Number of protein chains: 2
Amino acid sequence: MADTTDDQIPIWCAGEDWCPITATALLIGKKWHPVIIHRLLDNGPLGFNALKAEVDGISSKVLSDSLEDLEQKTLIDREIISEKPFRVQYSLTPRGESLEAVILEMRDWGQTYLVPADDQDSSVA
Amino acid sequence: MADTTDDQIPIWCAGEDWCPITATALLIGKKWHPVIIHRLLDNGPLGFNALKAEVDGISSKVLSDSLEDLEQKTLIDREIISEKPFRVQYSLTPRGESLEAVILEMRDWGQTYLVPADDQDSSVA
DNA sequence: CTGTATCCACAACGATACTG
DNA sequence: CAGTATCGTTGTGGATACAG
């Protein structure tokens with residue numbers, strides 16, 4: 001694949017007991033990671049606070065931490081779009097976008113089998 | 001798929017900031033959970049140590065802990081198949097089996113995008 | 001606006017040992 | 001065979017405050 005930036009692909013998946021399932025689980029099982037990717041998938045590139053608002057419930061520290069982690073894994077891309085009023089834009093890399101199938105499958109399963117019981121009076125119909 | 005008999009759904013998914021993606025991520029993002037489910041999917045019902053061998057790398061404590069968690073979430077079923085030589089059998093519930101699509105999607109993505117040095121002859125050691 | 005700095009709480013993981 | 005008990009380490013998440 002053609003890399004979009006100066007970043008070379010880090011082999012962050014290395015391990016003795018390598019298992020694609022475990023590796024993927026550790027990647028998207030960080031509570032916020034899949035949601036962040038999903039929001040980016042749905043709303044396109046976003047700034048830090050816009051993303052924070054979309055995710056809803058995450059703290060700055062955790063979002064910052066997650067973003068850094070996702071960037072290291074070349075799943076998202078960080079671009080400075082303005083220096084004066086310092087503005088940043090987070091977007092998905094092709095690799096990040098490729099997670100759509102997994103995320104959607106997770107969402108679908110969650111909606112089907114986890115049953116939001118939160119408001120089952122009207123929306124479940 | 002018509003399960004429809006499972007009306008006693010435990011609401012272990014309840015939460016204020018409910019999100020099917022997050023909920024599913026927390027469920028299968030426990031490092032070993034998806035692997036356990038996958039092994040059960042592939043090899044059918046297994047005993048404790050057989051499962052431990054299949055997962056490979058997990059400790060008794062963690063497996064026991066994971067199993068208990070998965071059982072609580074009605075994803076796996078524990079059945080005592082022998083009292084004298086104490087034997088137990090772990091199997092997937094319909095709900096657990098329904099995770100196959102997600103697990104497979106994760107595995108597929110991991111194999112495609114995480115690139116196990118296995119395929120490329122890069123012994124990362 | 002975009003984050004970092006602390007600090008803390010709690011859960012997860014792991015190794016070892018031990019029991020029925 | 002099928003776990004439990006312990007203990008310690010690390011990781012993850014969260015609140016608040018502050019900085020460039």
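Keep in mind that this is a model prediction, so the values were computed, not measured. Here is the naming used below: chain letters follow the sequence lines, and residue numbers restart at 1 for every chain.
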request  = Among the candidates C:dA15, D:dC1, C:dT2, find the nucleotide nearest to the side-chain atoms of B:Ser59.
outcome  = C:dA15
message = Output the rounded distance in Å from NZ (B:Lys84) to P (D:dC1).
response = 17 Å
query = Is B:Asp65 paired with B:Lys61 through a side-chain N to carboxylate O contact shorter than 4.0 Å?
reply = no
request  = Kindly point out which of C:dT2, D:dG3, D:dT12 is positioned nearest to the side chain of B:Val88?
outcome  = D:dG3
remark   = Contacts of A:Ser60 and B:Arg78 projected onto DNA chain D by closest heavy atom; the upstream (5') one is B:Arg78
Interatomic distance where CD1 belongs to B:Ile58 and P belongs to D:dA2 [whole Å] = 15 Å
Rounded interatomic separation in angstrom, taking CD from B:Gln72 and P from C:dA11 = 13 Å
note = From CG of A:Leu46 across to C1' of C:dG3 the rounded distance in Å is 16 Å
task = Report the distance from atom CD of B:Glu68 to atom P of D:dA2, rounded to the nearest whole Å.
result = 17 Å
request  = Using atom CD1 of A:Ile80 as one end and atom C1' of C:dC1 as the other, report the distance to the nearest whole Å.
outcome  = 13 Å
query = Quick one: is B:Lys31 getting a side-chain N or O under 4.0 Å of the C:dG14 phosphate, OP1 or OP2?
reply = yes
remark   = Rounded to whole Å, the CG-P distance (A:Leu63 to C:dT4) equals 10 Å
query = How about A:Gln89 and A:Leu46: do any of their side-chain heavy atoms sit closer than 4.5 Å?
reply = no
query = Quick one: B:Glu83 CD to C:dG20 P, roughly how many Å, whole number?
reply = 17 Å
task = Check whether any side-chain nitrogen or oxygen of B:Tyr90 sits under 4.0 Å from OP1 or OP2 of D:dG3, and answer yes or no.
result = yes
inquiry  = Could you tell me if the side chain of A:Leu92 sits less than 4.5 Å from the side chain of A:Leu75, heavy atoms only?
reply    = no
query = Within less than 4.0 Å of OP1 or OP2 of C:dG3, is there a side-chain N or O belonging to A:Lys61?
reply = no
Student check: side-chain heavy atoms of A:Phe48 and A:Val88 closer than 4.5 Å = no
inquiry  = Do A:Thr22 and B:Trp32 pair up side chain to side chain, a donor and an acceptor below 3.5 Å, judged on atom types alone?
reply    = no
request  = Return no unless some side-chain N or O of B:Ser64 is found under 4.0 Å from OP1 or OP2 of D:dT4.
outcome  = yes
